[in-house]
Amino acid sequence: MCGIVAYTGSNPAVPVLLNGLRRLEYRGYDSAGIAVNTPDGISIRKSKGKVSELAGLLGEDETQIAESTCGIAHTRWATHGPPTTINAHPHAGGKNGIVLVHNGIIENHHALRSTLTAKGYEFLSETDTEVLAHLVDSHYQGDLVDALTAALKEVHGTYGIACLSEKEEGVLVVARRGSPIVIGVGEGETIVASDASAIINHTRQAIYLDDHDIAKISQNKIDIRSSDNVPVSREASEIDWSADAAEKGGYEHYMLKEIFEQPEAIRNTIRGRMDSERGTAVLSGLDLSPRELAELQRMLIVGCGTSMNAGLVGEYAMEDFAGVLAEVEQAAEFRYRNPIVGSRDLVIAISQSGETADTLAAVREAMDKGALVAGLVNVVGSTIARETGRGVYLHAGPEISVASTKAFTSQVSVLLMAALKFSRSRRMSVEQGRRFVREIEAIPELVERVLAKNDEIAKIAEKYVDQTSAFFIGRGYMYPVALEGALKLKEISYIHAEGYHAAELKHGPIALLEKSVPVIALCNDGPGKDKTLGNVAECQARDSRVLGIVTEGDEEAMAAVNDYISVPPCPLHTAVIPSTVALQLLSYHIARLRGCPIDQPRNLAKSVTVE
Ligand code: F6R
């Protein structure tokens with residue numbers, strides 16, 4: 001949510017900042033801005049809308065801006081104040097020429113604004129960030145680090161900040177609490193960003209700041225301190241994916257590229273983690289001591305949105321195979337309802353970004369209550385990965401499209417591996433374990449077979465493009481698929497969509513069915529199919545057109561629905577993945593036909609770092 005880039009070095013800053021913003025635009029895209037040190041002070045340019053509009057403002061005749069070698073930039077997802085040019089970052093504070101960009105929320109901004117107004121500060125915008133800029137100015141006595149350190153002591157809330165002062169040319173000061181800051185260490189230059197995708201073109205050496213760190217960066221020096229101004233050491237680590245991984249690679253949209261990357265992403269997720277001889281999965285991040293294992297009472301899975309939907313598959317598999325009591329909970333709810341959780345519970349936090357505020361808060365709550373906590377995270381070095389200390393990386397590669405696709409299928413793959421691992425340490429025989437290993441290893445090929453139907457799915461999408469509302473239904477393992485299918489459709493095509501348990505439809509939502517409201521039914525062959533086909537008939541009796549996800553060769557299911565997409569035969573716990581891929585493609589094509597901005601749907605941002 002919001003993207004920050006900053007640069008100091010010997011090259012012109014503006015191209016680095018603009019390229020970085022383009023990479024981070026998926027985090028927020030309602031306005032953008034840039035500020036650079038020039039011999040005449042700090043120049044700020046901002047604009048409503050996308051980064052391309054900001055780039056258009058930076059005319060070639062602005063020599064001082066073009067020649068600057070130090071600056072900060074921001075792409076915004078509005079929290080306080082609508083997406084206008086005035087509310088766009090950077091914001092300037094007071095008389096000392098303090099300019100900053102911020103990702104996060106200053107919760108006590110009202111109180112601070114009143115105090116600063118009483119001191120004579122004038123506000124131009126409605127943002128919490130401008131409060132921060134004036135606050136830093138109010139503490140400035142010639143040293144930006146000291147001023148920021150003092151200001152942050154008065155602030156409640158979350159922040160990733162990059163700050164300039166016109167009195168300290170070439171110096172960047174950055175700080176984090178709750179919102180990520182990565183420092184890319186180059187040769188004679190430093191690039192700071194909200195995530196590694198904005199720095200990978202310049203360097204692979206990254207330092208991930210911890211909460212409460214404040215860093216002063218000049219061309220050749222990075223000095224990191226704690227909030228008490230004590231020097232701290234943070235090792236640089238190597239970013240292990242290439243710049244190409246964050247490009248569209250010839251696809252029209254990142255989402256389509258990421259859908260097509262899934263066979264490879266899943267292969268990377270399971271690589272080196274399957275032990276076919278012992279019929280188990282090797283996930284050292286989920287190793288429990290014999291005592292912890294013996295005492296394990298329950299697994300609690302927390303996440304938001306798509307990650308929570310993946311968690312539901314994990315719940316089913318864990319109970320189904322391992323006989324471990326498992327529950328999924330919305331991370332946002334977990335934190336505030338004072339859950340009963342303790343040292344005999346394993347809490348698994350699922351998050352693609354590893355930065356989602358509610359999931360992070362749930363992790364902290366679970367740790368405070370003494371639970372065992374593991375992260376299931378894609379972004380290496382992210383806050384959840386670091387705070388949990390144990391867990392499993394997805395290795396799905398960067399996910400740029402706001403709508404999550406390959407992260408979901410990698411998450412489900414890990415959860416199936418976790419179910420296998422726990423099952424084998426309990427009741428499952430080696431033979432059953434070996435079969436499970438083969439089923440998981442078959443997933444990438446199952447996905448390839450669905451991707452081969454892309455053109456067919458695009459044709460089916462044409463029939464569903466004009467709807468205003470749709471229902472997705474499924475039962476058992478296909479229930480989370482229905483939830484995920486509906487989420488994908490609504491977020492990228494703006495068609496109102498609801499995912500329901502197939503049986504639950506009759507308890508209310510069926511009242512909404514009519515000719516113009518289609519139903520997408522997960523009718524995969526396996527336990528529960530007959531009942532779902534019964535529900536399909538109920539929908540058709542209310543004039544709804546039914547699109548079925550069916551198993552290849554299942555004539556009965558094909559005949560029962562109006563249209564179908566077939567997926568390869570496989571057990572239902574793995575059918576979750578190819579079936580979801582079919583629905584991802586369906587949503588993608590519907591949204592494309594409707595002319596929607598697929599990679600950047602309105603009002604959304606990739607990484608939700610505010611509650
Ligand atoms: C939907 C989507 C969101 C995220 C949710 C959690 O396509 O992307 O629902 O799944 O915001 O994000 P992470 O997984 O980064 O914690």
Side-chain angles (χ1 to χ4, degrees), residues 1-3 26-28 77 103 178-180 194-195 197 253-256 258-259 262 265 301-314 328-335 347-364 375-385 387-388 391-394 396-412 414-415 472 480-481 483-494 497 499 580-581 583-588 591 596-611:
M1 213 154 245
C2 297
Y26 71 92
R27 300 175 70 92
W77 185 87
N103 170 24
S179 302
S194 299
D195 73 49
S197 62
H253 296 99
Y254 282 112
M255 182 180 180
L256 191 62
E258 287 159 10
I259 290 174
Q262 288 177 108
I301 304 174
V302 292
C304 300
T306 288
S307 294
M308 189 182 69
N309 292 340
L312 203 49
V313 181
V328 172
E329 180 148 349
Q330 276 178 0
E333 192 60 13
F334 180 83
R335 175 195 192 180
V347 174
I348 298 200
I350 307 183
S351 175
Q352 188 286 129
S353 61
E355 302 292 348
T356 299
D358 286 321
T359 311
L360 179 59
V363 162
R364 290 176 177 161
L376 207 163
V377 169
N378 194 34
V379 177
V380 175
S382 56
T383 311
I384 293 175
E387 291 208 6
T388 49
V392 182
Y393 277 122
L394 301 180
E399 192 180 66
I400 308 291
S401 172
V402 166
S404 185
T405 53
K406 62 178 178 172
F408 176 86
T409 49
S410 287
Q411 286 162 348
V412 171
V414 172
L415 289 162
F472 287 68
V481 179
L483 297 180
E484 179 57 12
L487 178 58
K488 283 295 90 86
L489 184 68
K490 74 182 116 186
E491 69 181 324
I492 62 165
S493 75
Y494 310 150
T580 303
V581 173
L583 296 182
Q584 293 167 351
L585 283 172
L586 179 74
S587 295
Y588 173 80
C596 296
I598 292 180
D599 285 331
Q600 295 175 344
R602 70 182 176 213
N603 303 338
L604 292 177
K606 180 77 184 154
S607 172
V608 183
T609 53
V610 294
E611 287 181 51

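In this chain, numbering begins with 1 at the start of the sequence shown. Note that the structure is predicted; figures quoted are calculated from it, not measured. All ligand and atom numbering here is 1-based and tracks the order in the structure.
When the options T356, I350, T306 are ranked by their closest heavy atom to atom 4 (C) of ligand 1, first place goes to T306.
When only non-hydrogen protein atoms are considered, atom 11 (O) of ligand 1 lies nearest to V608 CG2, 4.0 Å. Counting only heavy atoms of the protein, atom 6 (C) of ligand 1 lies nearest to C304 O, 3.3 Å. For atom 7 (O) of ligand 1, the nearest protein heavy atom (residue, atom name, distance) is E491 OE2, 2.5 Å.
From Q352, atom CD reaches atom OG1 of T306 across 10.0 Å, with rounding to the nearest 0.5 Å.
Contact annotation: for K488 versus ligand 1, heavy atoms closer than 4.0 Å belong to the side chain alone.
Defined by atom type and a distance below 3.5 Å, a donor-acceptor pair is present between the side-chain atoms of S307 and Q411. Inspection of the T580 and E484 side chains reveals no N or O donor paired with an N or O acceptor under 3.5 Å. Counting only N and O atoms by type, the side chains of T383 and E355 include a donor and acceptor under 3.5 Å apart.
Close approach of ligand 1 to A403 is summarised as follows: ligand atoms under 4.0 Å from at least one heavy atom of the residue are 7 (O). Within ligand 1, the atoms closer than 4.0 Å to a non-hydrogen atom of S351 are 13 (P), 14 (O), 15 (O), 16 (O), numbered from 1 in the order shown. Contact atoms of ligand 1 toward S307: 10 (O), 13 (P), 14 (O) (distance under 4.0 Å to a heavy atom of the residue). Numbered from 1 in the order shown, with element, the atoms of ligand 1 that lie under 4.0 Å from a heavy atom of S353 read 13 (P), 15 (O), 16 (O).
Contact of the L487 side chain with the N309 side chain is registered, since non-hydrogen atoms from C-beta on lie closer than 4.5 Å.
When only interatomic distances are considered, the shortest N/O to N/O separation between Q352 and ligand 1 falls below 3.5 Å.
Nearest heavy-atom pair across A486 and G499 is CB-N, 3.4 Å.
The backbone N or O of E258 sits nowhere less than 3.5 Å from a side-chain atom of K406 that would complete a donor-acceptor pair.
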